S.K.: 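My questions all concern the structure below.
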Amino acid sequence: MPAKIPATVVTGFLGSGKTTLIRHMLANANGRRIALIINEFGDLGVDGDILKGCGDETCTDDDVMELSNGCICCTVAEDFVPTLEKLLDRPNPPDHIVIETSGLALPQPLVRAFNWPEISTRVTVDGVVTVVDGKAVSEGHFAHDVAAVDRQRAMDDNLDHETPLSELFEDQIACADMIVVNKTDLLDAAEAKGLTARLTEESRAGVQVIGTAMGVLPVDVLLGRGRAAEADIEARGEVHHHHHHHDDDDDHEHEHEHEHEHSHGHDEFDSFVVTRPEIAEPAAFAETLAEVIRRHDILRLKGFAAVAGKPMRLTVQAVGPRVDSYFDRPLAPQEPRETRLVVIGRAGLDRDAIAAALSA
């Protein structure tokens, strides 16, 4: 059974910065074949520069274009499931699929569609990323230009025109695995911190809230979250469908205790590799990782470990303090029996302290 292809859903109102985030991701795909599903090519401001690698032979199909960096771009056209099948059926299918929603269509029904029998065995929702305009939300508007959002809504007959934006916003937050607070450069440090804390409180336990300016986010933080969101759709309740949150508040509080101290402004991201000898015991090592991640607010950690006495290589993946590990393949005879971990976080990570803790 081939592994399912991961798909990331990016949602957020017009003007929140989804387009900038996605353009930055495509420009930094680093050899990943990313397929992008959007409503209109115009939505992305996909201009000649991005498309110059698109030769006629790849563009014969109206709604699938090959981009110069190995990525693929297609419009939703008539129906989402056939579009997805068309991508999955390509001779060289994508490594990852990114779906940009209009921002007014709710993410929940889209995530639910991944349970359809035609596609459920072939693709999985890696994560739902909600992009918010930090400046607008901190001022209580939800969108920088509410009139433009309402015009967009009026033009689309498929959308619900009655629900207040505040409820659509709550739905986007309820469904999110990661909330990207964009335009933090327009907030002062106290505002950015207050907004991050508020969104952390309003989202489900364990959701990462990450501030950014200009949509700059490492691709490894954005993709590869492994959430299988279609499998827990009930927990992502829609506000105006009267599904109640099943979160136990005490758990919620506790889970967020050590998380989300985000610094402010244009601070970029940092990543480095820690190498250490083989580990003795995977479960204990996973606990150590979770502790180091909490203490240093590491966004993402991934890599491979050799385990004493085991012929297989251990793959390690962490998104925030949630650590997953599994044995993936035998170590080759010439491979060193060592552990290599990539650590990704905000600039200013204490590399020495982290390396020391991971090597203990």
Side-chain angles (χ1 to χ4, degrees), residues 1-12 18 21-22 25-26 29 32-41 43-44 46 58-67 70-131 156 158-160 171-172 174-178 204 219 222-238 241 243 317 319 324 326 328:
M1 187 83 190
K4 293 183 185 185
I5 292 178
T8 296
V9 175
V10 180
T11 185
K18 287 180 301 189
L21 183 84
I22 288 170
M25 175 195 72
L26 290 178
R32 271 199 181 95
R33 283 178 54 78
I34 296 174
L36 181 60
I37 299 181
I38 54 182
N39 288 300
E40 297 290 334
F41 284 126
D43 284 1
L44 263 198
V46 177
T58 54
C59 284
T60 46
D61 201 329
D62 308 340
D63 43 290
V64 178
M65 300 194 280
E66 195 91 40
L67 305 183
C71 298
I72 304 163
C73 192
C74 64
T75 58
V76 173
E78 286 315 297
D79 191 3
F80 172 65
V81 172
T83 302
L84 209 48
E85 287 183 299
K86 194 185 285 186
L87 278 178
L88 297 171
D89 291 341
R90 284 172 75 90
N92 189 358
D95 301 320
H96 203 108
I97 297 169
V98 174
I99 300 152
E100 188 205 23
T101 70
S102 83
L104 288 167
L106 295 180
Q108 284 87 345
L110 178 61
V111 171
R112 213 176 271 122
F114 281 82
N115 288 315
W116 287 29
E118 301 94 314
I119 56 173
S120 63
T121 55
R122 305 178 67 192
V123 65
T124 178
V125 181
D126 180 61
V128 177
V129 177
T130 296
V131 185
D156 189 336
N158 299 318
L159 293 174
D160 146 25
D171 275 346
Q172 292 179 359
C175 200
D177 295 296
M178 175 163 87
R204 292 170 305 122
V219 178
L222 196 58
L223 307 182
R225 306 186 76 77
R227 292 312 313 225
E230 69 278 8
D232 72 342
I233 191 72
E234 286 311 307
R236 299 160 184 262
E238 287 134 290
H241 296 279
H243 288 184
Q317 281 266 22
V319 175
D324 293 319
Y326 56 93
D328 72 336

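Model, not experiment: these values are computed from the prediction. Along the sequence shown, residues carry numbers from 1. Heavy atoms only: backbone and side chains are in, while hydrogens, waters and symmetry mates are out.
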S.K.: Whether the side chain of D126 engages the backbone of A7 through a donor-acceptor N/O pair (distance < 3.5 Å, no angle test) should be reported.
M.R.: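 Answer holds: no.
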S.K.: Answer yes or no: is there a side-chain heavy-atom contact under 4.5 Å between I97 and L88?
M.R.: yes
S.K.: How close do F114 and V123 get, counting heavy atoms only, and between which atoms?
M.R.: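 Between these two residues, the closest heavy atoms are CD2-CG1, 3.7 Å.
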S.K.: Report yes if the side chains of V111 and E230 come closer than 4.5 Å at any heavy-atom pair, otherwise no.
M.R.: yes
S.K.: Excluding sequence neighbours, so at least two apart, what forms salt bridge (charged side-chain N to carboxylate O under 4.0 Å, His left out) with D324?
M.R.: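 Partners of D324 under the salt bridge (charged side-chain N to carboxylate O under 4.0 Å, His left out) test: R322.
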S.K.: For the residue pair R227 and V125, establish whether any side-chain heavy-atom pair is separated by less than 4.5 Å.
M.R.: no
S.K.: Would you check, one step at a time, whether the test side chain to side chain contact (heavy atoms under 4.5 Å, CB included) holds for L222 with M178?
M.R.: CA-CA 8 Å; L222 196 58; M178 175 163 87; 3.6 Å; yes
S.K.: For I5 and L87, what are the C-alpha separation, side-chain angles and deciding distance, and is it a side chain to side chain contact (heavy atoms under 4.5 Å, CB included)?
M.R.: CA-CA 11 Å; I5 292 178; L87 278 178; over 6 Å; no
S.K.: Among pairs that include at least one residue of residues 83-106, which meet ring pair (Phe, Tyr, Trp, His ring centres under 6.0 Å), considering only residues two or more places apart or in two chains?
M.R.: none
S.K.: Dump the intermediate steps for side chain to side chain contact (heavy atoms under 4.5 Å, CB included) on D89 and R122, then the final yes or no.
M.R.: CA-CA 10 Å; D89 291 341; R122 305 178 67 192; 2.8 Å; yes
S.K.: In Å, rounded to the nearest 0.5 Å, how long is the span from CG of L26 to CG of L21?
M.R.: 10.0 Å
S.K.: Quick one, V128 and R236 - any side-chain contact, counting heavy atoms below 4.5 Å?
M.R.: yes
S.K.: Could you walk me through whether L223 and V98 pass the side chain to side chain contact (heavy atoms under 4.5 Å, CB included) test, one step at a time?
M.R.: CA-CA 9 Å; L223 307 182; V98 174; 4.0 Å; yes
S.K.: Assess whether a salt bridge exists between R204 and D177, defined as any Lys/Arg side-chain N lying under 4.0 Å from an Asp/Glu carboxylate O.
M.R.: yes
S.K.: Do C175 and T11 make a side-chain contact, defined as non-hydrogen atoms from C-beta onward lying under 4.5 Å apart?
M.R.: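 With C-beta onward as the side chain, the pair stays apart.
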